[in-house]
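What follows is a set of notes on a single structure, which appears directly below.
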Amino acid sequence: MKNDNYIVGIETSCDETAVAIVKNGTEIISNVVASQIESHKRFGGVVPEIASRHHVEQMTIVLEEAFEQAAIEWEAIDAVAVTEGPGLVGALLIGVNAAKALAFAKQKPLVGVHHIAGHIYANRFEQEFEFPLLALVVSGGHTELVLMKEHGHFEVIGETRDDAAGEAYDKVARMLNLPYPGGPHIDRLAGTGEESIKFPRAWLEEESFDFSFSGLKSSVINTIHNAKQRGEELKNEDIAASFQASVVEVLTEKTYKAAKQYGVKKVIVAGGVAANQGLRTALQKKFSEIAIPLLIPPLNLCTDNAAMIAGAGTIAYQQGKRSGWDLNANPSLVLG
Amino acid sequence: MKILAIDTSNQVLGVALLDDENIIGEFVTNLKKNHSVRLMPAVDRLMKEANMAPEQLNKIVVAKGPGSYTGVRIGMATAKSLAWALNIPIVGVSSLEVLAFQGRLFSSYICPFFDARRGLIFTGLYKWENGEMSLKLDEQNILMEEWLEQLAAKQEKVLILSPDIDMYKETILRMMGDLAIIPEKPFHIAKPSHLALAGLNREADNTHNLSPNYLRLAEAEANWLKMQKENKNG
Ligand SMILES: [Zn+2]
């Protein structure tokens with residue numbers, strides 16, 4: 001009897017065409033990502049129509065590479081998992097329709113996966129989960145605290161009420177005339193600057209684990225604007241350091257507080273902003289104070305990839321979840 | 001040879017299953033509904049009705065546009081992935097050519113078109129010649145009035161075919177008069193069996209390289225190119 005599960009994962013929710021093959025949800029057999037960053041750079045951000053055009057051109061090429069690298073036959077594959085949302089609808093559609101075609105051609109089960117569930121499950125390639133588990137999800141589109149009591153079960157206990165953390169990074173980066181994508185540039189500048197400006201921290205209500213970054217963003221805009229009017233020179237490094245200090249402090253404190261309140265056994269960080277050095281350092285420092293283990297995935301698993309979708313898809317498959325041939329892209333899919 | 005033909009490039013959803021030139025089954029709807037949700041169930045149903053398994057397919061033929069960008073891509077992503085997974089050849093056929101097949105028995109020019117908004121259309125001029133649908137004026141994205149001037153100048157009868165015919169009927173008749181032949185409504189809907197027929201003997205495309213026939217740059221790209229040009233000149 002066959003005990004191992006091999007799952008194909010497909011991810012096209014934004015500007016990365018990705019296919020991966022994963023064994024038992026814990027071992028990456030192949031993980032191919034075709035990034036489009038270069039072609040969106042000149043527009044200063046991801047252009048949905050252009051992303052969709054690239055996806056449809058890259059899809060079978062990336063599929064072939066993932067299967068070649070894995071050196072696996074279709075007979076061994078148990079299911080095809082795909083990101084059904086959230087994300088850019090036109091981009092998601094390519095992955096969803098490719099996944100349906102593959103599953104149909106090979107008569108394999110099809111499993112739709114939530115993109116954030118994928119980001120969370122990227123951590124399982126590093127270490128097995130322990131429940132209850134708390135995940136801090138931070139990316140260009142998301143800032144969420146997710147509580148998991150068991151596999152495949154997600155409860156959002158806090159989320160952003162306006163901008164995602166990554167969005168705030170991109171906007172501030174644009175104000176500082178940094179190239180796209182701006183997050184890593186701010187992180188780099190912040191490393192050499194000083195927190196000379198005290199930007200606000202949005203703690204919101206005492207009990208809330210929600211986030212808000214629009215106030216901080218406005219404060220940065222006003223500060224730059226006022227300095228210019230007064231003819232003062234602000235160092236970009238210091239603005240970056242001060243901005244990042246505010247974001248990181250709120251993220252770290254709220255995660256810490258939630259971890260203690262819910263008595264979790266493990267805290268994981270997920271999403272593209274998990275690659276941020278300032279955030280990694282602050283979280284590691286904070287959590288070294290208490291006995292809750294903190295897990296941050298390696299950089300290549302923080303950003304969008306398909307191994308994470310196959311990882312989350314493995315659990316969904318093992319729990320008997322199946323999608324029909326009428327599976328659609330859902331740009332505002334809710335986690336849970 | 002068992003052929004599966006897929007067309008989701010415009011409002012019509014078309015799926016056909018053929019054995020060489022023989023139609024096994026055909027599914028066509030002309031509804032404002034989601035192609036992504038309905039395409040694979042339509043393929044599944046047709047294959048089941050025909051008692052056929054996916055691995056029995058020998059060729060995929062897909063309508064590659066022009067049309068709705070999203071619609072074209074849904075068909076393309078599905079067709080390319082099917083062809084790759086089954087390791088069978090794929091052929092992409094212009095959606096305009098497929099529509100032109102509705103005028104296969106017409107002896108003069110055939111002009112299929114799709115509305116492309118703001119007075120623009122996606123079109124081309126075809127004629128059935130020597131056993132094939134041959135292109136007489138290149139496919140393009142052009143203002144309807146400009147296009148009609150070119151057609152009228154030919155001083156020959158032109159069969160006009162389009163699911164968007166109602167939007168332009170008056171303009172066509174005004175500019176072309178008796179030279180324009182506009183048939184009854186069912187002739188304006190592309191048939192997936194014609195798509196299969198068009199692709200039957202055509203040389204296969206490279207599965208990886210086959211890409212949509214948009215006939216138009218993405219708006220952001222067009223604007224960007226315009227800006228580059230202006231910067232250079234000014
Ligand atoms: Zn992501």
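Numbers restart at 1 for each chain; the letters A, B, ... are given by sequence-line order, proteins then strands.
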query: Hey, which of A:Leu63, A:Leu93, A:Val47 has the most heavy atom pairs under 4.5 Å with chain B?
result: A:Leu63
- request: Answer with side chain, backbone, both or neither: which region of A:Phe43 has an atom nearer than 4.5 Å to a non-hydrogen atom of chain B?
  value: side chain
task: Please name all residues satisfying ring pair (Phe, Tyr, Trp, His ring centres under 6.0 Å) with B:Phe114, sequence neighbours left out, ordered by chain then number.
output: none
- request: List in chain and number order the residues that pass salt bridge (charged side-chain N to carboxylate O under 4.0 Å, His left out) with B:Asp164, two or more places apart in sequence or in another chain; answer none if no residue qualifies.
  value: none
message: How close do B:Pro54 and A:Ala105 get, counting heavy atoms only, and between which atoms?
response: CB-O, 3.6 Å
Table up the donor-acceptor pairs between chain B and chain A that sit under 3.5 Å, atom names plus distance.
from: B:Ser36; atom 1: O; to: A:Lys100; atom 2: NZ; distance (Å): 2.5
from: B:Ser36; atom 1: OG; to: A:Asn97; atom 2: ND2; distance (Å): 3.3
from: B:Ser36; atom 1: OG; to: A:Asn328; atom 2: OD1; distance (Å): 2.8
from: B:Arg73; atom 1: NH1; to: A:Glu49; atom 2: OE2; distance (Å): 3.0
from: B:Arg73; atom 1: NH2; to: A:Glu49; atom 2: OE1; distance (Å): 2.9
from: B:Lys80; atom 1: NZ; to: A:Val56; atom 2: O; distance (Å): 3.3
from: B:Trp84; atom 1: NE1; to: A:Glu64; atom 2: OE1; distance (Å): 2.8
from: B:Ala85; atom 1: O; to: A:Lys106; atom 2: NZ; distance (Å): 2.9
from: B:His208; atom 1: ND1; to: A:Thr60; atom 2: OG1; distance (Å): 2.7
from: B:His208; atom 1: NE2; to: A:Glu64; atom 2: OE1; distance (Å): 3.2
from: B:His208; atom 1: NE2; to: A:Glu64; atom 2: OE2; distance (Å): 3.4
from: B:Arg216; atom 1: O; to: A:Arg53; atom 2: NH1; distance (Å): 3.2
from: B:Arg216; atom 1: O; to: A:Arg53; atom 2: NH2; distance (Å): 3.1
from: B:Glu221; atom 1: OE2; to: A:Arg42; atom 2: NH2; distance (Å): 3.2

- request: Please flag which part of B:Pro41 lies under 4.5 Å from any non-hydrogen atom of chain A: side chain, backbone, both or neither.
  value: both
message: Suppose we screen for ring pair (Phe, Tyr, Trp, His ring centres under 6.0 Å). Which residues come up paired with A:Phe125, at least two apart in sequence or across chains?
response: none
query: Where do B:Leu82 and A:Ala101 come nearest, in terms of heavy atoms and distance?
result: CD2-O, 3.5 Å
